[in-house]
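Residue numbers begin at 1 in each chain, while the letters A, B, ... track the order of the sequences. Heavy atoms only: backbone and side chains are in, while hydrogens, waters and symmetry mates are out. For clarity, every value in this text was computed on a predicted model and none was experimentally measured.
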2 protein chains.
Amino acid sequence: MNKMRKEHNLTKNQKIIFDLIDKSSQPLKAYSILYNVQKKGIKAPLQVYRALDKLVEIGKIHKIESRNAFIACHNSSCQVAKATAFSICEICEKVTEISSAGLSKYLANFKDKDGMKYSKYNLEFFGLCKKCTLK
Amino acid sequence: MNKMRKEHNLTKNQKIIFDLIDKSSQPLKAYSILYNVQKKGIKAPLQVYRALDKLVEIGKIHKIESRNAFIACHNSSCQVAKATAFSICEICEKVTEISSAGLSKYLANFKDKDGMKYSKYNLEFFGLCKKCTLK
DNA sequence: TTTTTAGTTGTTATAATATAACACTATGTA
DNA sequence: TACATAGTGTTATATTATAACAACTAAAAA
Ligand SMILES: [Zn+2]
Ligand SMILES: [Zn+2]
Ligand SMILES: [Zn+2]
Ligand SMILES: [Zn+2]
(Lines give C-alpha, C1' and ligand atoms only; values in the text may rest on other atoms or scores of the structure.)
(Ligands and ions follow the chains in the order given, each with its own letter.)
Protein backbone atom coordinates (compact mmCIF):
# COMPACT_ATOMS: atom_id res chain seq x y z
CA MET A 1 0.00 0.00 0.00
CA ASN A 2 1.46 3.31 0.94
CA LYS A 3 4.31 1.35 2.37
CA MET A 4 6.70 0.48 -0.37
CA ARG A 5 5.25 1.49 -3.66
CA LYS A 6 8.58 2.86 -4.73
CA GLU A 7 10.41 -0.14 -3.47
CA HIS A 8 8.27 -2.41 -5.62
CA ASN A 9 9.68 -0.63 -8.60
CA LEU A 10 13.17 -1.62 -7.64
CA THR A 11 14.68 -4.50 -9.50
CA LYS A 12 16.04 -7.51 -7.68
CA ASN A 13 19.60 -6.28 -7.42
CA GLN A 14 18.53 -2.78 -6.54
CA LYS A 15 16.34 -4.10 -3.76
CA ILE A 16 19.01 -6.34 -2.30
CA ILE A 17 21.47 -3.49 -2.21
CA PHE A 18 19.02 -0.92 -0.96
CA ASP A 19 17.90 -3.19 1.87
CA LEU A 20 21.47 -3.69 2.99
CA ILE A 21 22.22 0.04 3.02
CA ASP A 22 18.92 0.84 4.64
CA LYS A 23 19.55 -1.55 7.50
CA SER A 24 23.02 -0.21 8.12
CA SER A 25 23.62 2.35 10.81
CA GLN A 26 26.49 3.90 8.95
CA PRO A 27 27.45 4.56 5.34
CA LEU A 28 28.60 1.56 3.38
CA LYS A 29 31.31 1.43 0.76
CA ALA A 30 30.76 -0.23 -2.58
CA TYR A 31 33.13 -3.13 -2.07
CA SER A 32 31.86 -3.76 1.43
CA ILE A 33 28.39 -3.96 -0.08
CA LEU A 34 29.71 -6.35 -2.71
CA TYR A 35 31.18 -8.60 -0.06
CA ASN A 36 27.91 -8.61 1.84
CA VAL A 37 25.68 -9.50 -1.08
CA GLN A 38 27.78 -12.18 -2.68
CA LYS A 39 25.75 -14.82 -0.94
CA LYS A 40 22.73 -13.42 -2.76
CA GLY A 41 24.30 -13.92 -6.14
CA ILE A 42 25.72 -10.50 -6.83
CA LYS A 43 29.26 -11.28 -7.79
CA ALA A 44 30.77 -8.33 -9.62
CA PRO A 45 31.51 -4.69 -8.73
CA LEU A 46 29.58 -3.49 -11.73
CA GLN A 47 26.39 -5.06 -10.48
CA VAL A 48 26.81 -3.09 -7.27
CA TYR A 49 27.74 0.17 -8.93
CA ARG A 50 24.83 -0.03 -11.34
CA ALA A 51 22.36 -0.48 -8.53
CA LEU A 52 24.00 2.30 -6.53
CA ASP A 53 23.84 4.67 -9.48
CA LYS A 54 20.16 4.02 -9.91
CA LEU A 55 19.38 4.31 -6.21
CA VAL A 56 21.23 7.61 -6.03
CA GLU A 57 19.40 8.84 -9.11
CA ILE A 58 15.98 8.16 -7.63
CA GLY A 59 16.97 9.54 -4.25
CA LYS A 60 16.68 6.35 -2.19
CA ILE A 61 20.31 6.66 -1.15
CA HIS A 62 22.92 9.39 -1.12
CA LYS A 63 26.63 9.29 -1.74
CA ILE A 64 28.84 10.79 0.93
CA GLU A 65 31.40 12.24 -1.43
CA SER A 66 34.18 12.78 1.06
CA ARG A 67 33.97 9.15 2.12
CA ASN A 68 33.02 7.33 -1.07
CA ALA A 69 30.22 5.71 0.85
CA PHE A 70 26.48 5.38 0.58
CA ILE A 71 23.70 6.01 3.07
CA ALA A 72 19.96 5.51 2.83
CA CYS A 73 17.84 8.62 2.69
CA HIS A 74 15.76 8.95 5.81
CA ASN A 75 14.49 12.36 5.03
CA SER A 76 10.95 11.99 3.79
CA SER A 77 11.00 15.39 2.16
CA CYS A 78 14.09 14.49 0.20
CA GLN A 79 12.42 12.85 -2.79
CA VAL A 80 14.97 14.35 -5.03
CA ALA A 81 18.60 13.84 -4.38
CA LYS A 82 19.31 17.39 -5.37
CA ALA A 83 19.62 19.08 -2.03
CA THR A 84 21.61 17.12 0.49
CA ALA A 85 23.36 17.98 3.73
CA PHE A 86 25.19 15.73 6.14
CA SER A 87 27.08 15.90 9.37
CA ILE A 88 30.13 13.72 9.65
CA CYS A 89 31.97 12.90 12.86
CA GLU A 90 35.69 12.96 12.23
CA ILE A 91 36.38 10.47 14.98
CA CYS A 92 33.75 7.74 14.79
CA GLU A 93 32.68 8.51 11.20
CA LYS A 94 29.02 8.59 12.14
CA VAL A 95 27.07 10.30 9.38
CA THR A 96 23.67 11.91 9.77
CA GLU A 97 21.52 13.47 7.12
CA ILE A 98 20.61 16.98 8.15
CA SER A 99 17.01 17.97 7.76
CA SER A 100 16.66 21.66 8.38
CA ALA A 101 14.03 23.71 6.64
CA GLY A 102 16.01 26.87 7.26
CA LEU A 103 19.17 25.47 5.76
CA SER A 104 17.45 24.01 2.70
CA LYS A 105 15.66 27.24 2.08
CA TYR A 106 18.79 29.30 2.44
CA LEU A 107 20.78 27.10 0.08
CA ALA A 108 18.02 26.60 -2.46
CA ASN A 109 17.75 30.34 -2.80
CA PHE A 110 21.44 31.10 -2.71
CA LYS A 111 22.73 33.09 -5.65
CA ASP A 112 26.35 33.83 -6.31
CA LYS A 113 27.77 37.19 -7.30
CA ASP A 114 26.70 36.79 -10.90
CA GLY A 115 23.18 35.97 -9.83
CA MET A 116 23.64 32.38 -10.82
CA LYS A 117 21.20 29.98 -9.21
CA TYR A 118 21.96 26.34 -8.77
CA SER A 119 19.87 23.30 -9.45
CA LYS A 120 21.57 21.06 -6.94
CA TYR A 121 23.91 21.10 -3.99
CA ASN A 122 25.68 18.85 -1.55
CA LEU A 123 26.91 20.02 1.82
CA GLU A 124 29.08 18.10 4.24
CA PHE A 125 29.72 19.36 7.75
CA PHE A 126 32.58 17.94 9.81
CA GLY A 127 33.03 17.94 13.54
CA LEU A 128 32.58 15.74 16.55
CA CYS A 129 29.36 13.97 17.29
CA LYS A 130 27.84 14.20 20.75
CA LYS A 131 29.30 10.93 21.90
CA CYS A 132 32.80 11.73 20.74
CA THR A 133 32.69 15.21 22.23
CA LEU A 134 32.20 13.71 25.67
CA LYS A 135 35.23 11.49 25.47
CA MET B 1 59.89 32.97 18.33
CA ASN B 2 56.27 33.99 18.09
CA LYS B 3 54.02 32.18 15.76
CA MET B 4 53.55 34.86 13.17
CA ARG B 5 51.52 33.71 10.26
CA LYS B 6 54.57 32.13 8.79
CA GLU B 7 54.35 31.86 5.06
CA HIS B 8 54.57 28.17 4.47
CA ASN B 9 57.76 27.52 2.67
CA LEU B 10 56.88 24.98 0.10
CA THR B 11 59.31 22.23 -0.63
CA LYS B 12 60.47 21.55 -4.14
CA ASN B 13 57.79 18.97 -4.97
CA GLN B 14 55.07 20.99 -3.29
CA LYS B 15 56.06 24.05 -5.26
CA ILE B 16 56.16 22.25 -8.60
CA ILE B 17 52.72 20.83 -8.01
CA PHE B 18 51.22 23.97 -6.60
CA ASP B 19 52.49 26.03 -9.53
CA LEU B 20 50.90 23.62 -11.98
CA ILE B 21 47.53 23.71 -10.23
CA ASP B 22 47.70 27.45 -9.74
CA LYS B 23 48.29 28.05 -13.44
CA SER B 24 45.43 25.80 -14.46
CA SER B 25 42.07 27.28 -15.27
CA GLN B 26 40.24 24.19 -14.11
CA PRO B 27 40.67 21.55 -11.41
CA LEU B 28 43.37 18.98 -12.05
CA LYS B 29 43.30 15.30 -11.17
CA ALA B 30 46.16 13.61 -9.41
CA TYR B 31 47.29 11.43 -12.27
CA SER B 32 46.99 14.26 -14.75
CA ILE B 33 49.27 16.23 -12.45
CA LEU B 34 51.64 13.28 -12.34
CA TYR B 35 51.94 13.12 -16.13
CA ASN B 36 52.55 16.84 -16.25
CA VAL B 37 55.37 16.90 -13.74
CA GLN B 38 57.24 13.79 -14.79
CA LYS B 39 59.62 15.91 -16.80
CA LYS B 40 60.48 17.67 -13.55
CA GLY B 41 61.50 14.45 -11.87
CA ILE B 42 58.34 13.54 -10.01
CA LYS B 43 57.80 9.97 -11.05
CA ALA B 44 55.41 8.27 -8.64
CA PRO B 45 51.79 8.81 -7.58
CA LEU B 46 52.79 8.97 -3.95
CA GLN B 47 54.99 11.98 -4.53
CA VAL B 48 52.00 13.75 -6.00
CA TYR B 49 49.57 12.67 -3.31
CA ARG B 50 51.92 13.70 -0.52
CA ALA B 51 52.30 17.17 -1.96
CA LEU B 52 48.56 17.42 -2.53
CA ASP B 53 47.83 16.38 1.05
CA LYS B 54 50.13 19.04 2.40
CA LEU B 55 48.83 21.75 0.09
CA VAL B 56 45.26 20.93 1.08
CA GLU B 57 46.23 20.96 4.75
CA ILE B 58 47.70 24.44 4.57
CA GLY B 59 44.88 25.75 2.43
CA LYS B 60 46.82 26.52 -0.75
CA ILE B 61 44.58 24.19 -2.71
CA HIS B 62 41.21 22.55 -2.21
CA LYS B 63 39.91 19.18 -3.22
CA ILE B 64 36.69 19.12 -5.22
CA GLU B 65 35.29 15.98 -3.65
CA SER B 66 32.68 15.17 -6.25
CA ARG B 67 35.32 15.30 -8.96
CA ASN B 68 38.43 13.98 -7.22
CA ALA B 69 40.24 17.02 -8.47
CA PHE B 70 42.25 19.88 -7.04
CA ILE B 71 41.99 23.62 -7.50
CA ALA B 72 44.13 26.46 -6.19
CA CYS B 73 42.60 28.67 -3.55
CA HIS B 74 42.05 32.18 -4.80
CA ASN B 75 40.45 33.44 -1.64
CA SER B 76 43.41 35.64 -0.66
CA SER B 77 45.51 33.46 1.62
CA CYS B 78 42.74 31.10 2.45
CA GLN B 79 41.92 31.23 6.12
CA VAL B 80 39.04 29.11 5.03
CA ALA B 81 40.56 25.76 4.21
CA LYS B 82 37.90 24.62 6.65
CA ALA B 83 35.00 26.41 5.08
CA THR B 84 34.81 25.88 1.37
CA ALA B 85 32.11 26.39 -1.22
CA PHE B 86 32.25 25.83 -4.94
CA SER B 87 30.06 26.12 -7.97
CA ILE B 88 30.41 23.40 -10.55
CA CYS B 89 29.06 23.54 -14.08
CA GLU B 90 27.62 20.18 -15.01
CA ILE B 91 28.30 20.70 -18.69
CA CYS B 92 31.74 22.26 -19.04
CA GLU B 93 32.95 21.26 -15.55
CA LYS B 94 34.12 24.77 -14.79
CA VAL B 95 34.62 25.14 -11.05
CA THR B 96 34.65 28.41 -9.16
CA GLU B 97 35.33 28.97 -5.49
CA ILE B 98 32.47 30.90 -3.97
CA SER B 99 33.39 33.77 -1.73
CA SER B 100 30.29 35.03 -0.02
CA ALA B 101 30.41 36.58 3.41
CA GLY B 102 26.73 35.88 3.92
CA LEU B 103 27.06 32.23 3.04
CA SER B 104 30.18 31.68 5.18
CA LYS B 105 28.55 33.36 8.10
CA TYR B 106 25.37 31.37 7.76
CA LEU B 107 27.20 28.06 7.56
CA ALA B 108 29.80 28.83 10.21
CA ASN B 109 26.98 29.50 12.64
CA PHE B 110 24.76 26.68 11.57
CA LYS B 111 23.72 24.35 14.34
CA ASP B 112 21.81 21.15 13.87
CA LYS B 113 18.85 20.03 15.91
CA ASP B 114 21.04 18.84 18.75
CA GLY B 115 22.82 22.15 18.88
CA MET B 116 25.92 20.60 17.44
CA LYS B 117 28.33 23.06 15.86
CA TYR B 118 30.78 22.08 13.21
CA SER B 119 34.42 22.88 12.79
CA LYS B 120 34.52 22.51 9.06
CA TYR B 121 32.32 22.21 6.00
CA ASN B 122 32.43 21.73 2.28
CA LEU B 123 29.64 22.79 -0.02
CA GLU B 124 29.35 22.03 -3.70
CA PHE B 125 26.70 23.67 -5.86
CA PHE B 126 25.84 22.25 -9.26
CA GLY B 127 24.23 23.95 -12.19
CA LEU B 128 25.07 25.58 -15.47
CA CYS B 129 27.64 28.32 -15.76
CA LYS B 130 26.78 31.49 -17.62
CA LYS B 131 28.38 30.37 -20.84
CA CYS B 132 26.63 27.01 -20.85
CA THR B 133 23.28 28.55 -19.99
CA LEU B 134 23.38 30.58 -23.19
CA LYS B 135 23.98 27.63 -25.46
C1' DT C 1 -0.45 -11.89 -30.66
C1' DT C 2 4.23 -10.44 -32.26
C1' DT C 3 7.61 -6.97 -32.53
C1' DT C 4 10.11 -3.38 -30.74
C1' DT C 5 12.16 -0.83 -27.22
C1' DA C 6 14.44 0.58 -23.15
C1' DG C 7 16.35 -1.03 -19.30
C1' DT C 8 18.62 -4.44 -16.55
C1' DT C 9 21.71 -8.34 -15.96
C1' DG C 10 26.03 -11.27 -15.94
C1' DT C 11 30.63 -11.43 -17.14
C1' DT C 12 35.57 -10.46 -18.02
C1' DA C 13 38.82 -7.17 -18.22
C1' DT C 14 40.79 -2.84 -17.18
C1' DA C 15 41.04 2.07 -15.76
C1' DA C 16 41.45 5.49 -12.27
C1' DT C 17 42.25 6.84 -7.60
C1' DA C 18 44.87 6.27 -3.41
C1' DT C 19 47.85 4.16 0.34
C1' DA C 20 51.44 0.83 2.79
C1' DA C 21 56.01 0.02 3.85
C1' DC C 22 60.75 1.01 4.08
C1' DA C 23 65.17 3.15 3.51
C1' DC C 24 66.97 7.41 3.04
C1' DT C 25 67.72 12.81 3.05
C1' DA C 26 67.15 17.58 4.44
C1' DT C 27 66.39 20.97 7.85
C1' DG C 28 65.60 23.26 12.11
C1' DT C 29 66.58 23.38 16.96
C1' DA C 30 68.61 22.18 21.56
C1' DT D 1 77.01 17.89 17.87
C1' DA D 2 72.68 15.15 18.50
C1' DC D 3 68.06 14.87 18.07
C1' DA D 4 63.47 15.54 16.18
C1' DT D 5 60.51 16.48 12.45
C1' DA D 6 59.27 16.55 7.91
C1' DG D 7 60.02 15.41 3.18
C1' DT D 8 61.86 12.18 -0.51
C1' DG D 9 62.31 8.12 -3.74
C1' DT D 10 60.89 3.70 -4.64
C1' DT D 11 58.29 -0.63 -5.25
C1' DA D 12 54.29 -2.82 -4.49
C1' DT D 13 49.54 -3.02 -3.51
C1' DA D 14 44.85 -1.56 -2.13
C1' DT D 15 40.63 0.72 -3.24
C1' DT D 16 37.26 2.78 -6.17
C1' DA D 17 35.06 2.79 -10.60
C1' DT D 18 34.10 2.01 -15.68
C1' DA D 19 34.39 -0.23 -20.64
C1' DA D 20 32.64 -3.53 -23.62
C1' DC D 21 29.53 -6.96 -25.09
C1' DA D 22 26.15 -10.64 -25.09
C1' DA D 23 21.97 -12.07 -23.06
C1' DC D 24 17.64 -11.45 -20.68
C1' DT D 25 13.16 -9.14 -19.20
C1' DA D 26 9.24 -6.22 -18.92
C1' DA D 27 6.30 -3.51 -21.03
C1' DA D 28 4.90 -0.42 -24.86
C1' DA D 29 3.62 -0.32 -29.74
C1' DA D 30 1.99 -2.52 -33.80
ZN1 LIG E 1 17.84 12.42 1.75
ZN1 LIG F 1 31.68 10.46 16.80
ZN1 LIG G 1 39.91 28.82 -0.68
ZN1 LIG H 1 29.67 25.51 -18.22
Send over the distance from [X] [atom1] to [N] [atom2], rounded to a whole Å.
| X | N | atom1 | atom2 | value |
| --- | --- | --- | --- | --- |
| E65(B) | dA16(C) | CD | P | 20 Å |
| L28(B) | dT17(C) | CG | P | 12 Å |
| K15(B) | dT8(D) | NZ | C1' | 18 Å |
| L10(B) | dT8(D) | CG | P | 10 Å |
| E57(B) | dT5(D) | CD | C1' | 13 Å |
| L34(A) | dA14(D) | CG | P | 16 Å |
| Y35(A) | dA14(D) | OH | C1' | 17 Å |
| D53(A) | dA17(D) | CG | P | 10 Å |

(message) Regarding E124(B) and S66(B), do their side chains bring together a donor and an acceptor under 3.5 Å, going by distance alone?
(response) yes
(message) Any donor-acceptor pair under 3.5 Å linking the side-chain atoms of H74(A) with those of E97(A)?
(response) no
(request) Run the numbers on L20(B) and F70(B) for side-chain contact (heavy atoms from CB on, under 4.5 Å), then give the verdict. (result) CA-CA 11 Å; L20(B) 182 70; F70(B) 300 85; over 6 Å; no
(message) Generate the contact string for nucleotides 4-11 of chain C. Rules: B means base contact, S means sugar-phosphate contact only, - means no protein heavy atom under 4.0 Å.
(response) ----SBBB
(request) Any chance you could list the contact pattern along nucleotides 25-30 of chain C? Use B for base contacts, S for sugar-phosphate-only contacts and - for none, protein heavy atoms under 4.0 Å, 5' to 3'. (result) ------
(message) Give me each pair satisfying ring pair (Phe, Tyr, Trp, His ring centres under 6.0 Å) with a member in residues 24-52 of chain B, each pair once, sequence neighbours excluded.
(response)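 Matches after skipping sequence neighbours: none remain.
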(message) Rounding to 10°, can you tell me the angle the first-five-pair axis of the helix from dT1(C)-dA30(D) to dA30(C)-dT1(D) makes with its last-five-pair axis?
(response)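 Taking the rotation axis at each end, their angle is 40°.
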(message) Q14(A): which residues meet the side chain to side chain donor-acceptor pair (under 3.5 Å) condition with it, sequence neighbours left out?
(response) T11(A)
(request) Please name all residues satisfying side chain to side chain donor-acceptor pair (under 3.5 Å) with S100(B), sequence neighbours left out, ordered by chain then number. (result)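 So S100(B) forms no side chain to side chain donor-acceptor pair (under 3.5 Å) with any residue.
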(message) Using side-chain contact (heavy atoms from CB on, under 4.5 Å), reason through L123(A) and F86(A) one step at a time and then give a plain yes or no.
(response) CA-CA 6 Å; L123(A) 171 58; F86(A) 305 95; over 6 Å; no
(message) Tell me whether the ring of Y49(A) lies stacked over the dT18(D) base, given a 5.5 Å limit on centroids and a 30° limit on the plane angle.
(response)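 Answer is no, no stack.
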(request) Could you tell me whether the side-chain ring of Y31(A) sits stacked on the base of dT15(D), using a centroid cut-off under 5.5 Å and a plane angle under 30°? (result)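 Given the distance and angle limits, no, they do not stack.
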(request) Ignoring backbone atoms, establish whether N68(B) has a side-chain N or O less than 4.0 Å from OP1 or OP2 of dA18(C). (result)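 Yes.
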(message) To check you understand the geometry: which heavy-atom pair defines the closest contact between K120(A) and E90(B), and what is its length?
(response)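 So the minimum-distance heavy-atom pair works out to NZ-OE2, 3.8 Å.
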(message) Looking at every heavy atom in both I88(A) and E93(A), which two are closest together, and how far apart are they?
(response)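 Smallest interatomic distance, heavy atoms only, reads CG2-OE1, 4.3 Å.
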(message) For the aromatic rings, using the six-membered ring if either is Trp, is the centroid distance between F125(B) and F110(A) under 6.0 Å?
(response) yes
(message) Using the rule given for side-chain contact (heavy atoms from CB on, under 4.5 Å), can you reason through I33(B) versus L52(B), listing the C-alpha separation, both sets of side-chain angles and the distance that settles it, and then say yes or no?
(response) CA-CA 10 Å; I33(B) 292 169; L52(B) 289 174; 4.0 Å; yes
